[in-house]
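In what follows, a structure is listed as structure tokens, so that the remarks can point back to it.
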Amino acid sequence: QVQLVESGGGLVQPGGSLRLSCAASGSIFSINRMGWNRQAPGKQRELVADVTSGGSTNYADSVKGRFTISRDNAKNTVYLQMNSLKPEDTAVYYCNADVRPNGDRLHQYRYWGQGTQVTVSS
């Protein structure tokens with residue numbers, strides 16, 4: 001089994017910063033893409049950013065220039081540095097990873113974390 005555990009959410013004032021972390025553990029052969037999605041109340045879950053094992057990144061237009069995604073392949077961990085936060089960034093943030101498990105190396109599965117709340121408010 002593969003688990004993703006997020007940390008780093010919380011309450012921050014507009015203009016502030018937060019750093020989210022997500023560590024993957026379990027029976028992992030390899031991890032390709034890792035990413036962050038978010039879901040605000042009454043809205044659909046949307047992609048925030050993702051990063052491949054080679055370091056290529058992709059961002060939603062709404063966060064470009066403010067958020068930075070990075071990963072530590074040795075630790076199977078992905079980070080999301082969020083700067084200049086706005087009230088509209090308030091959401092539950094979900095980590096996800098495309099993993100080939102040790103028991104099924106020919107296939108890739110997307111695993112999700114439990115989510116961490118980010119609230120931007122004065």
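Heads up: numbering here begins at 1 and tracks the sequence. Only a predicted model underlies this, so the values are computations on that prediction, with no experimental measurement involved. Computed from heavy atoms alone, side chains included, the values below leave out hydrogens, waters and symmetry copies.
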> Does A60 offer a backbone N or O that forms a donor-acceptor pair with the side chain of S62 under 3.5 Å?
Replying inline: no
>> Using every non-hydrogen atom in the two residues, find where A24 and L4 come nearest and quote the distance to one decimal.
In response: CB-CD2, 3.2 Å
> Same hydrophobic cluster for V12 and L20, using side-chain heavy-atom links shorter than 4.5 Å among ILVMFWY?
Replying inline: yes
> Going through the checks in order, is the side-chain hydrogen bond (donor to acceptor under 3.5 Å, both in side chains) test met by Y109 and D104?
Replying inline: CA-CA 10 Å; Y109 302 92; D104 189 8; 2.3 Å; yes
> Any chain of hydrophobic side-chain contacts (each under 4.5 Å) joining V51 to I28?
Replying inline: yes
>> Evaluate D61 against K64 for salt bridge (Lys or Arg N to Asp or Glu O under 4.0 Å), listing each step before the verdict.
In response: CA-CA 5 Å; D61 287 343; K64 283 181 181 176; 3.1 Å; yes
>> Test your reading of the model: is there a side-chain donor-acceptor pair from R66 to the backbone of S84, 3.5 Å cut-off?
In response: yes
> E6 and G113: which non-hydrogen atoms are nearest, and at how many Å?
Replying inline: OE2-CA, 3.5 Å
>> Does the plane of the ring in W112 sit parallel, tilted or perpendicular to the ring in Y94? Use 30° and 60° as the thresholds.
In response: perpendicular
> Any side-chain donor paired with an acceptor under 3.5 Å for N83 and Q81?
Replying inline: yes
>> Looking at E88, I want to see if its CD is surrounded by more than 12 non-hydrogen atoms of other residues, nucleotides or ligands under 6.0 Å.
In response: yes
> OG1 of T77 to CD1 of I31: how many Å apart, nearest 0.5 Å?
Replying inline: 8.5 Å
> Which distance, rounded to the nearest 0.5 Å, do you find between the CE of M34 and the CG of D72?
Replying inline: 10.0 Å
>> Give me the atom names and distance for the closest heavy-atom approach of Y111 to P101.
In response: OH-CG, 3.8 Å
>> Please determine whether side-chain contact (heavy atoms from CB on, under 4.5 Å) holds for the pair V118 and M82, giving the CA-CA distance in whole Å, both sets of side-chain angles, and the decisive distance to 0.1 Å.
In response: CA-CA 10 Å; V118 172; M82 305 184 292; 3.9 Å; yes
>> Any non-hydrogen side-chain atom of N32 less than 4.5 Å from a side-chain atom of Q108?
In response: yes
>> Less than 3.5 Å apart, any donor N or O on the side chain of R33 or N96 sitting next to an acceptor on the other?
In response: yes
>> Is there a side-chain contact between T68 and Y59 in this structure, where contact means two heavy atoms from C-beta onward sitting under 4.5 Å apart?
In response: yes
>> When you group the ILVMFWY residues by side-chain heavy-atom contacts below 4.5 Å and let the links chain together, are V92 and V63 in the same group?
In response: no
>> Applying side-chain contact (heavy atoms from CB on, under 4.5 Å) to V2 and S25, what does each step give before you reach the verdict?
In response: CA-CA 6 Å; V2 176; S25 63; over 6 Å; no
> Which pair of non-hydrogen atoms, one from Q114 and one from V5, has the smallest distance, and what is that distance?
Replying inline: OE1-CA, 4.1 Å
> How many angstroms lie between atom SG of C95 and atom CG of D50, to the nearest 0.5 angstrom?
Replying inline: 11.5 Å
> Are any non-hydrogen side-chain atoms of L47 and N58 less than 4.5 angstrom apart?
Replying inline: yes
> Would you call W36 and I69 a side-chain contact if the rule is heavy atoms closer than 4.5 Å?
Replying inline: yes
>> Quick one: does any side-chain atom of R38 pair with a main-chain N or O of Y93 as donor and acceptor, under 3.5 Å?
In response: no
> What's the shortest heavy-atom distance between N73 and S53, and which atoms?
Replying inline: ND2-O, 3.2 Å
>> Please find the pair of heavy atoms, one from L106 and one from R100, that lie closest to each other, and give the distance.
In response: O-NH1, 3.2 Å
>> Nearest 0.5 Å, please: how far is CZ in R71 from SG in C22?
In response: 10.5 Å
> Would you say the side chain of L85 lies within less than 4.5 Å of the side chain of P14, judging by non-hydrogen atoms?
Replying inline: no
>> Please determine whether residues Y79 and F67 belong to a single hydrophobic cluster, defined as Ile, Leu, Val, Met, Phe, Trp and Tyr linked transitively by side-chain heavy-atom distances below 4.5 Å.
In response: no
